[in-house]
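The sequence lines fix the lettering, A, B, ..., with proteins before strands; numbering per chain opens at 1.
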Amino acid sequence: MNEDSSLASNPWTVMPAKRTHTCGSLRKSDAGSAVVLHGWVHRRRDHGGLIFIDLRDRYGLTQVTLDPNVSVEAHDAASGIRNEYVISVQGTVRERPSGTANANMATGAIEVIAGGITILNVSKTPPFNVNEDVAVDEGLRLKFRYLDLRRASLRDAIVQRHRLIKRMRDFLDERDFLEIETPILTASTPEGARDFLVPARLSPGEFFALPQAPQQFKQLLMVAGMDRYFQVARCFRDEDTRSDRQPEFTQLDLEMAFVDEADVMGTIEAMLIDVFGACTPKRIQSIPFPAVTYADAMERYGCDRPDLRFGLELVDVTGLLGASGFGVFRAASSSGGRIKAIVVPGGAAWSRREVDALTELARSFGAKGLATAAIGADGIRSPFRQHVGDEVMASLVASTRAGLGDLIAIVADTAVVVNATLSRLRDHLGAKLGLADPNVLSLAWVVAFPLLERDEERGAWTFTHNPFCAPKDSEVPLLETDPGAALSKQYDLICNGFEIGGGSVRIHVRALQERVFALMGYGKAEVQALFGTMLDAFEYGAPPHGGIALGLDRIVAILAGASSIRDAIAFPKNQTARDLLMGAPSPVAARQLTELGIQVQTGPAISSSSASAPPGG
RNA sequence: GGUCCCGUGGUGCAGCGGUCUAGCAUACGUCCCUGUCAAGGAUGAGAUCGCGGGUUCGAAUCCCGUCGGGACCGCCA
């Protein structure tokens, strides 16, 4: 009866003998030992006479064998045991009889012959199978997160996360970094993401903001002489989620004084080589990490965080096709757009249906269409061949280096659309063609970002990284003549198509920081009000400094082979930023609001979004 | 704010206008079974197909709306 949770059947006062081993530790050399194991019933195989129980804890699985000839009581007790019951087993380790060892289990050479079993707690039939790693509805997984965390893949990711962070801490500690906590209740700063706000009861009408990152604090720590700082920092941004974005997430935040870009990058590179070497069987593709400029990345891959595990580089064919007789190409070229191609290896053999699907995909990514040319043994098959002529077709094949059997896919549009479409098509092809080795980590730096970009809404310059990022020394004069062309001391770290870190050498001189703010359209008074504290601090001997923040959730997700950072976080939120486990956010008592001086606007939108009933309830 | 995908016994899937009184696997109950490890065998129970409306002689199936989950665009220094 798994519903039977009566007090009599739950001997909670009886904590049996302390466990002597975990369920992952026993080996052949332990044969003969008397042991006590505690754990959850992973699976039970009842042969009538013999009963086998795979006992699970977070360390592994151990087979417990119940033989009525050894203990009738234990065997009888095991008959009533069901999956996910918590039990204690007292028994003897025995090498398994020849022919019955299980090479797939770490403990497969032995079994525990049970002399006694104590049920520590019963379990209802779980809402999904804990003992297998099949896909389950995300909502259900989040609602029963404590059961999901028992499953192997999620449990392993959480364990790996701990090991990774522990190793990072040790590495940085050995190099004189101090881990320093910074406030969670802090001040709202403009720009960047939307803040989460916390009402300040003692200052009615005013609010704290949760930090989007400890940016200013870590720079102030440099001014304070803390020299080398890091923190495993929770960050909060009230923006829409993605599979790689949660409203709260964790960064390894780091800052160093008296450094240039190479110092920070070198430190991080050394740390990651050490950490990944210890924490994952995956192989780093190339050491030292290659560096690619932002401009180069956009040109060759169409995005600033390309997956470098495979080639499939984009080729600019604007010059070649822009003047041709094909209207689509001419239009894109003459209106200042671009024409770029990607070569699909073996794509000439694709069926009409497959090529159509690729075109449809390109449309869904924003392109108006996809022009293709198949390089077959009997010649080039292409809808636009007749419009451009054989000579241009031959040049196209040559410049894209397409070979026999390949398919050339071309997008002609604005540079933004071309790059966005082809970079996503490239990712799609990498996956479809199996080019992205899951056992490889293609770590690389992206450098030479522009300092500023045009904010069309405000009609001013805005920062591409953060407002404290320094321009390259040689580029400072450009701030006066051509701000958009100035390159910065920013560096991003990418891995397998994700941005896993970003940082920069900062501005540490008040005058330069004020000049950059001026370019962004802030008046002096405004700057003083918003960033005065830090600018004032800069006047008391701010050392040159720079730092970086690594996205730990993303790194863990990559190592775990997860497609979402939800699978790297113990208690994540869903796509609509709700915590389905605890039922947050939720309405609060009227009295709480009164105390805070807050009046909640009621309306259809408000009341419907505050309904916190979980699905299936 | 927008686009797209998915909601069918506890779970995972199939069915996509009548043959569905809804199929399969697994989980669950009972029984048999002493070397299994996704144990095996027998048997039983369990779903008005997320919800509401519409089209139709007839809807799990088509349409609209809504709710829930997910992917993406915008957004995210």
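Salt bridge annotation for A/Arg44-A/Asp46: present, with a cationic side-chain nitrogen under 4.0 angstrom from a carboxylate oxygen. A/Lys432 and A/Glu354 are joined by a salt bridge, as a carboxylate oxygen and a charged side-chain nitrogen come within less than 4.0 angstrom of each other. Between A/Glu84 and A/Arg56 there is a salt bridge, since at least one side-chain N of the basic residue sits less than 4.0 Å from a carboxylate O of the acidic one. No salt bridge links A/Arg338 with A/Asp413; every basic N to acidic carboxylate O contact stays at or beyond 4.0 Å.
Taking the C1' atom of each, B/C28 and B/C51 are spaced 28 Å apart, rounded to whole Å. B/A22 and B/G46: their P atoms are spaced 11 Å apart (whole Å). Nucleotides B/G58 and B/G53, compared at atom P, are 15 Å apart to the nearest Å. Taking atom C1' in both B/A59 and B/C64, one finds a spacing of 15 Å when rounded to whole Å. Using atom C1' as the reference point in both B/A45 and B/G7, the two lie 25 Å apart (nearest Å). Here, B/U3 and B/G9 have their C1' atoms 34 Å apart, quoted to the whole Å.
Looking at A/Arg237, its side chain has no donor and acceptor atom pair within 3.5 Å of the base of B/C76. Residue side chain A/Asp137 does not reach the base of B/G12 through any donor-acceptor N/O pair under 3.5 Å, judged by distance alone. In terms of polar N and O atoms assigned as donor or acceptor, the side chain of A/Asp46 never comes within less than 3.5 Å of the base of B/U36 in a complementary pairing. The base of B/U36 sits within donor-acceptor range of the side chain of A/Arg96, with an N or O pair under 3.5 Å.
When ring centroids are compared, A/Phe468 and A/Phe463 stay outside the 6.0 Å threshold.
Judged by Watson-Crick or G-U wobble contacts below 3.5 Å, the nucleotide B/C24 has B/G12 as its partner. Across all strands shown, B/G18 pairs with B/C57; the Watson-Crick or G-U wobble distances both stay below 3.5 Å. The partner of B/U43, taking Watson-Crick or G-U wobble pairs whose two distances both stay under 3.5 Å, is B/G29. In this structure, B/G68 forms a base pair with B/C6, meeting either the Watson-Crick or the G-U wobble geometry with both donor-acceptor distances under 3.5 Å. Using the Watson-Crick or G-U wobble rule with both distances under 3.5 Å, B/U36 pairs with nothing in any strand shown.
B/G74 atom P lies 15 Å from atom CZ of A/Arg194, rounded to whole Å. At whole-Å resolution of the value, CD in A/Glu360 and P in B/C72 are 19 Å apart. Taking atom CG of A/Asn131 as the reference point, atom C1' of B/G12 lies 13 Å away to the nearest angstrom. Note: NE2 (A/His47) to P (B/G35) measures 7 Å, nearest angstrom. As a whole-Å value, the separation of A/Leu361 CG from B/C73 C1' is 14 Å. Here the C1' atom of nucleotide B/A38 and the CG atom of A/Asn83 are 12 Å apart, to the nearest Å. One atom, CG of A/Leu66, and another, C1' of B/A39, lie 15 Å apart when rounded to the nearest Å. To the nearest angstrom, P of B/C4 lies 15 Å from CD of A/Gln575.
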Protein-nucleotides 7-10 of chain B N/O pairs under 3.5 Å:
| residue | atom | partner | partner atom | Å |
| --- | --- | --- | --- | --- |
| B/G10 | O2' | A/Pro127 | O | 2.9 |

Short N/O separations, protein against nucleotides 42-49 of chain B, under 3.5 angstrom:
none

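At B/C72, one or more side-chain N or O atoms of A/Ser243 fall inside 4.0 Å of OP1 or OP2 (strictly under the cut-off). Between A/Arg45 and the phosphate of B/U36, there is no side-chain N or O to OP1/OP2 separation shorter than 4.0 Å. At B/U36, none of the side-chain N or O atoms of A/Gln63 fall inside 4.0 Å of OP1 or OP2 (strictly under the cut-off). A/Arg141 has no side-chain polar atom (N or O) that falls below the 4.0 Å cut-off from OP1 or OP2 of B/G70. Distances shown here put every side-chain N or O of A/Arg242 at or beyond 4.0 Å from the OP1 or OP2 atom of B/G74. A close approach under 4.0 Å does occur between a side-chain nitrogen or oxygen of A/Arg82 and OP1 or OP2 of B/G29.
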- Message: Determine whether A/Arg94 and A/Thr92 satisfy the following criterion, side-chain hydrogen bond (donor to acceptor under 3.5 Å, both in side chains), listing intermediate values before the conclusion.
- Response: CA-CA 6 Å; A/Arg94 183 175 78 180; A/Thr92 309; over 6 Å; no

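Relative to the side chain of A/Phe52, the nucleotides B/G35, B/C72, B/A27 differ in distance, and B/G35 lies closest. Which of B/A71, B/A38, B/G69 sits closest to the side chain of A/Arg566 comes down to B/A71. Listed candidates were B/G69, B/A39, B/G74. Nearest to the side chain of A/Arg245 is B/G74.
Rounding to the nearest 0.5 angstrom, the gap separating the OG1 atom in A/Thr182 from the CG atom in A/Leu221 is 7.5 Å. Going from atom CZ of A/Phe517 over to atom CG of A/Leu512 covers 10.5 Å, rounded to the nearest 0.5 Å. To the nearest 0.5 Å, the span separating NE2 on A/His545 from CD1 on A/Ile507 amounts to 9.5 Å.
A heavy-atom distance below 4.0 Å to RNA chain B is reached by these residues of residues 415-426 of chain A, ordered by number: A/Arg424. Within residues 102-116 of chain A, the residues that have a heavy atom under 4.0 Å from RNA chain B are, in order of number, A/Asn102, A/Met105, A/Glu111.
Remark: A/Arg58 CZ is loosely packed, at most 12 non-hydrogen atoms of other residues, nucleotides or ligands lying under 6.0 Å away.
For the side chain to side chain donor-acceptor pair (under 3.5 Å) test, residues two or more places apart in sequence or in another chain that qualify with A/Glu248 are A/Arg234, A/Lys573.
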What side-chain donor-acceptor pairs closer than 3.5 Å can you find for residues 97-109 of chain A, not counting sequence neighbours?
| residue | atom | partner | partner atom | Å |
| --- | --- | --- | --- | --- |
| A/Thr100 | OG1 | A/Pro97 | O | 2.6 |
| A/Asn102 | OD1 | A/Asn104 | N | 2.8 |
| A/Thr107 | OG1 | A/Leu61 | O | 2.5 |

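Side-chain polar atoms of A/Tyr229 and A/Asp253 form a donor-acceptor pair below 3.5 angstrom. No side-chain N or O of A/Ser153 forms a donor-acceptor pair with one of A/Arg155 less than 3.5 Å apart. With 3.5 Å as the limit, one finds no donor-acceptor pair spanning the side chains of A/Gln251 and A/Arg554.
In this structure, A/Ile184 and A/Phe236 have side chains that are in contact, with non-hydrogen atoms separated by less than 4.5 Å. Within the 4.5 Å cutoff, the side chain of A/Tyr85 has no heavy atoms near those of the A/Trp40 side chain.
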